[in-house]
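Computed from heavy atoms alone, side chains included, the values below leave out hydrogens, waters and symmetry copies. Residue numbers start from 1 in every chain, and the chains themselves are labelled A, B, ... in the order their sequence lines are given, proteins ahead of strands.
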Number of protein chains: 2
Amino acid sequence: MTERAADSFEDWLRERLPERGLRGKAAAVVELLLSQPRRASFASAGELAQVAGVNVATVTRTAQALGFAGWPALQLELRARYLSSLSAGQVAAEHRGNGSPSSRSLRRDLDSLALLNRRMDERVLLTIAEAVAAARRTVIVADGSYAAVGLALAHNARLAGYPVAAVTAGDAELANTVSTVAAGDVLIAISFWRLYESTVLAANEAGSRGARVFAITDAASPALANAAEEVVLVPAEGEAFFPSLTGGMAVAQALVAQLAAVDPARTGASIEAAEAMWARFGLLHRRPATP
Amino acid sequence: MTERAADSFEDWLRERLPERGLRGKAAAVVELLLSQPRRASFASAGELAQVAGVNVATVTRTAQALGFAGWPALQLELRARYLSSLSAGQVAAEHRGNGSPSSRSLRRDLDSLALLNRRMDERVLLTIAEAVAAARRTVIVADGSYAAVGLALAHNARLAGYPVAAVTAGDAELANTVSTVAAGDVLIAISFWRLYESTVLAANEAGSRGARVFAITDAASPALANAAEEVVLVPAEGEAFFPSLTGGMAVAQALVAQLAAVDPARTGASIEAAEAMWARFGLLHRRPATP
DNA sequence: CGCCTCATGCAATGACCATTGCATTTCCGG
DNA sequence: CCGGAAATGCAATGGTCATTGCATGAGGCG
């Protein structure tokens with residue numbers, strides 16, 4: 001979907017909300033429709049319910065709260081909007097495979113990354129990179145399967161020469177870490193699909209202690225958006241049950257590239273030091289000479 | 001669909017026809033798939049049958065004649081191709097950003113992922129997924145920044161219901177783990193850019209103990225290729241100093257998608273158990289009502 | 001024209017779908 | 001804290017789905 005189309009789609013959907021709003025589970029369904037429009041276009045109410053962690057009846061009732069007779073009626077509208085947001089291509093994609101789950105997964109990740117490229121406001125990435133570069137230290141909060149993105153970001157940011165640590169090992173460590181956060185620090189909260197309570201608490205706590213807070217997420221969760229100075233939205237719609245971390249990893253990669261450009265001399269020196277250490281410890285396998 | 005995309009789609013479909021061809025009604029179904037790809041992407045077999053003037057059983061049997069298990073399997077492939085044909089032009093046509101490091105990084109990751117989609121031999125992913133599903137247990141070796149990919153793969157494979165562990169914390173732990181590897185196990189070595197000596201040793205050792213060894217890497221390293229039954233090549237060229245893990249993450253995602261399809265009942269039960277546990281521990285944030 | 005093979009329709013079957021009434025849970029306001 | 005209203009889950013229900021065995025029809029060949 002194009003950026004303008006996405007705004008229009010979201011505006012349209014939010015206009016249909018009842019005046020008193022929606023509570024917990026129904027709101028989760030709406031967020032899922034917004035963050036996974038492709039799935040919403042095809043999936044059964046049962047599948048949507050499973051992904052959103054609600055009962056199938058709630059999907060039906062949410063559709064009705066939005067002014068439709070039921071799920072099929074809502075889905076028809078969602079599908080039409082989703083398809084019309086895709087423009088007719090002028091260049092054929094090269095199609096591979098026979099529709100296996102793995103090839104579908106790769107294709108979906110490609111689509112998500114294309115969307116990410118179109119949507120990304122690089123000033124936000126620049127803001128975050130500069131905040132990290134200027135920070136006393138940076139804490140990245142990421143748990144469960146999101147930990148991978150947090151770890152990669154922290155590891156490479158450290159290689160780039162900055163004091164960045166990822167907290168991925170549970171609530172106790174997170175609480176201990178956040179209790180030391182102060183003004184001058186940066187906290188980056190990474191959360192896709194389902195939002196951990198502890199992540200929200202950490203973001204709010206860090207903010208109230210004067211740290212700058214940023215979020216990398218796949219849905220416009222008000223709880224996290226309220227806590228964060230900037231939010232990076234990343235498509236994370238995956239094949240089957242699992243959200244895809246490919247877009248998140250690409251954002252982590254982009255952030256580090258931007259961070260490395262803030263002070264090239266500092267980053268260069270840090271990398272040289274790391275390389276010297278690798279050589280001293282004999283960590284790397286000697287590649288045979290190219291034939 | 002564009003003319004060239006239609007030719008490719010049509011070529012693909014006609015290649016799947018049985019050698020002796022199709023007669024009357026089945027041929028009408030195929031013509032309908034070609035002439036109304038959007039309907040083919042969404043409609044039930046019953047609706048297609050009605051439009052084509054055939055019995056619903058003929059739709060199923062035509063799908064089977066084309067090499068699919070049934071209508072849903074064929075439709076999934078048709079849908080993926082139809083959507084790709086709509087969005088592919090966007091992948092190729094739109095270029096964003098003014099050359100900042102972050103936008104160059106995102107762009108490069110998109111190109112890498114497009115390359116990965118074109119090159120990927122999905123039979124290799126299927127082989128690995130089936131090996132993991134049949135294994136006594138699976139060990140993923142990934143260190144340094146590659147740890148992120150290993151952790152994500154292990155975490156999601158466990159969610160899918162399989163005994164998979166990642167070793168990411170250094171040589172001592174790796175040695176201890178490999179010393180327990182035996183026939184019936186699987187070892188997946190993940191290594192990009194620079195190849196850790198310990199990774200090569202672990203792969204060789206596991207192989208000599210009778211385990212099946214697979215590698216996910218960005219270069220055709222003879223040392224690792226010799227040790228591995230199959231090698232998945234992933235473009236990992238990143239912006240600036242750092243290799244990009246985006247392609248690696250996409251492959252991990254694809255593997256888990258394939259793994260989840262090996263025994264859907266097992267994976268479904270595992271996910272249900274995990275969800276019940278999340279609910280019991282009150283881990284997930286309740287989203288507030290949307291205003 | 002007759003025979004044989006393959007294609008196709010009919011109908012039974014099991015699975016999944018969406019909806020809704022009732023009971024329970026949750027949230028908000030006093 | 002309590003009560004009431006709304007949200008939500010459970011389960012029953014009727015409908016639609018896709019598949020497949022059996023019977024019949026169609027087409028091709030001798």
Side-chain angles (χ1 to χ4, degrees), chain A residues 17-33 39-79 99 197 222-223 241, chain B residues 17-33 39-79 264-265 268-269 272 275-276 278-280 282 284-291:
Chain A
L17 295 172
E19 285 191 12
R20 64 182 181 277
L22 292 173
R23 285 216 313 245
K25 298 298 179 72
V29 171
V30 169
E31 289 305 319
L32 186 61
L33 301 184
R39 188 190 294 272
S41 299
F42 307 116
S44 64
E47 181 181 328
L48 259 291
Q50 190 174 36
V51 174
V54 304
N55 186 275
V56 62
T58 304
V59 173
T60 295
R61 292 187 183 119
T62 305
Q64 289 166 345
L66 292 170
F68 294 87
W71 169 245
L74 172 56
Q75 185 175 55
L76 216 54
E77 181 69 24
L78 293 174
R79 179 181 299 158
E197 183 76 55
F241 180 77
Chain B
L17 295 174
E19 285 192 13
R20 64 181 180 279
L22 291 173
R23 284 214 316 246
K25 298 297 176 73
V29 170
V30 169
E31 290 306 317
L32 187 62
L33 301 183
R39 185 191 294 271
S41 298
F42 308 118
S44 64
E47 181 183 327
L48 259 290
Q50 195 174 29
V51 174
V54 304
N55 185 273
V56 61
T58 304
V59 174
T60 295
R61 293 190 181 112
T62 305
Q64 289 167 344
L66 294 171
F68 295 88
W71 169 245
L74 172 57
Q75 185 176 56
L76 214 54
E77 179 66 22
L78 294 174
R79 180 182 298 155
E272 277 183 33
E275 289 194 308
W278 293 332
R280 191 164 302 131
L284 301 180
H285 179 69
R286 290 197 186 279
R287 300 190 180 197
T290 308

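- Put simply, the side chain of A:Val59 does not reach to within 4.5 Å of the side chain of A:Thr62, judged on heavy atoms.
- Shown here for B:Ala69 and B:Ala73, the closest heavy-atom pair between the two residues is N-CB, 4.1 Å.
- Here B:Val56 pairs with B:Ala45, B:Ala49 under the side chain to side chain contact (heavy atoms under 4.5 Å, CB included) rule; sequence neighbours left out.
- Distance, A:Leu48 CG to D:dT8 C1': 17 Å, rounded to whole Å.
- Within 4.0 Å (heavy atoms only), B:Val59 reaches no atom of the nucleic acid at all.
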Close N/O contacts between protein and nucleotides 13-15 of chain D (under 3.5 Å):
none

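- Residue pairs satisfying the ring-ring contact (aromatic ring centres under 6.0 Å, His included) criterion with at least one member in residues 42-62 of chain B, sequence neighbours excluded, are listed as follows: A:Phe42-B:Phe42.
- Per the geometry, CG belonging to A:Leu22 stands 14 Å off P belonging to C:dC27, to the nearest Å.
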Checklist entry - Could you run down nucleotides 18-24 of chain C 5' to 3' and tag each one B, S or - for protein heavy-atom contact under 4.0 Å? => result SBBB---
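- Atoms NZ (B:Lys25) and P (D:dA26) sit 9 Å apart, rounded to a whole Å.
- In plain terms, the two heavy atoms of A:Pro18 and A:Ala65 that are nearest each other are CD-O, 3.8 Å.
- Here B:Leu17 pairs with B:Arg14, B:Leu22, B:Val30, B:Leu66 under the side chain to side chain contact (heavy atoms under 4.5 Å, CB included) rule; sequence neighbours left out.
- Listed by chain and number, the residues in a salt bridge (charged side-chain N to carboxylate O under 4.0 Å, His left out) with A:Arg39 are A:Glu47 (sequence neighbours excluded).
- Under the side-chain hydrogen bond (donor to acceptor under 3.5 Å, both in side chains) criterion, B:Gln64 pairs with no residue, sequence neighbours left out.
- Over its length, the helix from C:dC1-D:dG30 to C:dG30-D:dC1 turns its helix axis by 30°, as judged from the five terminal pairs at each end, rounded to 10°.
- Summarising the geometry, the separation between CG on A:Leu17 and C1' on D:dA7 is reported as 15 Å, rounded to the nearest angstrom.
- The shortest non-hydrogen separation linking A:Leu48 to A:Ala40 is CD2-CA, 4.3 Å.
- For residues 58-72 of chain B, there are no salt bridge (Lys or Arg N to Asp or Glu O under 4.0 Å) pairs, not counting sequence neighbours.
- For C:dG9, the OP1/OP2 oxygens have a side-chain nitrogen or oxygen of B:Thr58 closer than 4.0 Å.
- Not counting sequence neighbours, B:Ala28 has no partner by the side chain to side chain contact (heavy atoms under 4.5 Å, CB included) test.
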